[in-house]
2 protein chains.
Amino acid sequence: MAEFQLYSYYRSSCSYRVRIALQLKRLPFVYQAVHLVREGGEQRQPDYLKLNPMGQVPCLIHDGKALAQSMAIIEYLDRVAPTPRLFPEDPWQAAQVRELCEHVNTGIQPIQNLKVLQRIERDYGASGANKVAWAKAWIEMGFEALEHALTTTAGLCSFGDEVTAADLFLVPQVYNADRFKVDMTAFPTIARINEHCLALEAFQKAEPANQPDTPANYGA
Amino acid sequence: MAEFQLYSYYRSSCSYRVRIALQLKRLPFVYQAVHLVREGGEQRQPDYLKLNPMGQVPCLIHDGKALAQSMAIIEYLDRVAPTPRLFPEDPWQAAQVRELCEHVNTGIQPIQNLKVLQRIERDYGASGANKVAWAKAWIEMGFEALEHALTTTAGLCSFGDEVTAADLFLVPQVYNADRFKVDMTAFPTIARINEHCLALEAFQKAEPANQPDTPANYGA
């Protein structure tokens, strides 16, 4: 049995973050697909809720134990498989990387995710276009702040020239931004870092386009 | 000049998390009040945005350098002032504590915070009662999952018998739950841990009721 299993959905940006970490660290893992939409969402089925009571992906299984929440998983992988490091050794530098991660992790993604969009449709009758506008507005506000924060930290990547955890949050959020039609020319630093990272093999292997559960007609 | 300054708002649950950490670690700090409502929100003023481009509290100043995002701040304080420890040394135990933190940090708080409530009022005409219902529903969903997760980790506190970072997220979220009229009898483990922690001096000093910017008529 493989040491790691990852419960994931191909276009979940939080799953995408963890897939990049696993690929960067060259950790083989079994991909367990969880379809977030089909049959009311496989993440809400009792067997899955035993692994993650929040009913969200991703969830990592390591040595038979389950760990949810992408930030907790990435911090954990950085401890048990520290090459390459995703958080710098220096406490202040690590704090700056965590701040960049959290701007996405708490400041953007939770407010534009599937659950919230389903809710504004149900509670307020938000149309499809209206849901896109909601998500787009939150991403734009968050990216404005992130773009500004990056001006003091970025090199080729979010924090200097090497990949850190901050890039594992940035790239999947840009993927969401594209889905919600955000004009990325307004965020040149974010766009440039995204492009740099997507040229790396580990990011490509982790992309939504290249997963076991990616639909055959993806991108068509 | 004091080593630490904390930009905070008395009833911001994210500021409250960091105040508990500072009190537990007995780190003296200067309290810098940021009023989130007055004059359109002091957190949106240019001087504050230089400290935290996301326009949110808390923000910690250490040796003249600014750090935003409560999770990043708490992890940082745990590195530079490690007594008492808020994250266990063991990587798996630390991961479990982080998972509990993140259930609140990303799963509940961001969807029920002031910015989102203002937005559903502006975009969908949500009334006062309707905003309370929105916040209440998200907290209840999150607490249902957190309550379940705690059954395998809790002792007197969220993770065993000693205070960890998980309690710094739980207690302020219960404070929000009270504001939004959540019936806590449905969440006996969360309620019990909250009560245990609020008997500790550090938590009391950090409470919204006891801050320099707490209004004179608070609780009246």
Side-chain angles (χ1 to χ4, degrees), chain A residues 14 49-50 52-56 60 62-63 65-73 75-80 87 90-92 94-103 105-111 113 115-116 119-120 123-126 130 133-134 137-138 141-142 144-149 151, chain B residues 14 49-50 52-56 60 62-63 65-73 75-80 87 90-92 94-103 105-111 113 115-116 119-120 123-126 130 133-134 137-138 141-142 144-149 151:
Chain A
C14 299
L49 289 174
K50 281 181 200 160
N52 180 6
M54 289 295 275
Q56 297 172 327
L60 182 80
H62 186 202
D63 290 336
K65 296 173 298 187
L67 180 63
Q69 295 290 348
S70 61
M71 180 58 103
I73 295 170
E75 295 261 12
Y76 177 68
L77 290 173
D78 216 36
R79 290 284 294 277
V80 298
F87 294 94
D90 174 75
W92 181 255
Q96 290 180 286
V97 168
R98 287 197 182 94
E99 178 183 320
L100 294 172
C101 294
E102 292 292 342
H103 283 332
N105 191 43
T106 68
I108 304 177
Q109 196 281 335
I111 320 175
N113 72 14
K115 279 202 300 192
V116 172
R119 192 85 183 191
I120 59 172
D123 287 8
Y124 303 116
N130 199 268
W134 168 281
W138 288 107
M141 269 186 286
E144 203 171 309
L146 182 63
E147 177 77 17
H148 186 272
T151 58
Chain B
C14 300
L49 289 173
K50 281 181 200 159
N52 180 5
M54 288 295 276
Q56 297 172 326
L60 181 80
H62 187 203
D63 290 335
K65 296 173 298 187
L67 181 62
Q69 295 290 349
S70 61
M71 180 57 103
I73 296 171
E75 295 260 13
Y76 177 68
L77 291 173
D78 216 36
R79 289 284 295 276
V80 297
F87 294 95
D90 173 75
W92 181 255
Q96 289 180 286
V97 168
R98 287 197 183 94
E99 179 183 318
L100 294 171
C101 295
E102 292 292 341
H103 282 334
N105 191 43
T106 67
I108 304 178
Q109 197 281 334
I111 319 175
N113 72 14
K115 279 202 300 190
V116 172
R119 192 85 184 190
I120 59 172
D123 287 7
Y124 303 116
N130 199 269
W134 168 281
W138 287 107
M141 268 186 285
E144 202 171 311
L146 182 61
E147 178 77 17
H148 186 271
T151 58

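Note that the coordinates shown come from a computational prediction; the quantities given were computed from them, not determined experimentally. Below, chain A is the first sequence line, B the second, and so on; all start at residue 1. Basis for what follows: all heavy atoms, side chains included, without hydrogens, waters or symmetry-related copies.
Note on ring orientation: taking the six-membered ring where Trp is involved, the planes of B:W92 and A:Y76 are perpendicular (angle over 60°, cut-offs 30° and 60°).
The candidate from B:V80, B:N113, B:I120, B:D123 with the greatest count of non-hydrogen atom pairs under 4.5 Å with chain A is B:I120. Contact count versus chain B (heavy atoms, under 4.5 Å) is highest, among A:K65, A:H148, A:Q96, for A:K65. When each of A:E147, A:H103, A:E75 is scored by its heavy-atom pairs under 4.5 Å with chain B, the top score falls to A:H103. Ranked by non-hydrogen atom pairs under 4.5 Å with chain B, the options A:A149, A:P91, A:S70, A:C101 are led by A:P91. The candidate from A:K115, A:H62, A:Q56 with the greatest count of non-hydrogen atom pairs under 4.5 Å with chain B is A:K115. Between chain A and the residues B:A72, B:A95, B:A68, the largest count of heavy-atom pairs under 4.5 Å involves B:A68. Taking B:L100, B:L49, B:V97, B:T106 one by one and counting their heavy-atom pairs under 4.5 Å with chain A, the maximum is reached by B:T106.
For A:D78, no part lies under 4.5 angstrom from a heavy atom of chain B. For a residue to count as touching a neighbouring chain, one of its non-hydrogen atoms must lie under 4.5 Å from one of that chain's; by this rule A:I111 touches chain B with the side chain only.
Residues passing the side-chain hydrogen bond (donor to acceptor under 3.5 Å, both in side chains) test with A:N105, sequence neighbours excluded: A:R17, A:E102, B:E102. By the side-chain contact (heavy atoms from CB on, under 4.5 Å) test, A:A94 is found to be paired with A:P88, A:R98, residues two or more places apart in sequence or in another chain being considered.
Side-chain contact check for A:L67 versus A:N52: every heavy-atom pair is 4.5 Å or farther apart. Looking at B:Y124 and A:W134, their side chains come closer than 4.5 Å, going by heavy atoms from C-beta outward. B:M54 has its side chain out of reach of A:M141: every pair of non-hydrogen atoms, C-beta onward, lies at least 4.5 Å apart.
The cationic atom of A:R119 (NZ for Lys, CZ for Arg) lies less than 6.0 Å from the six-membered ring centre of B:W138 and within 45° of the ring axis.
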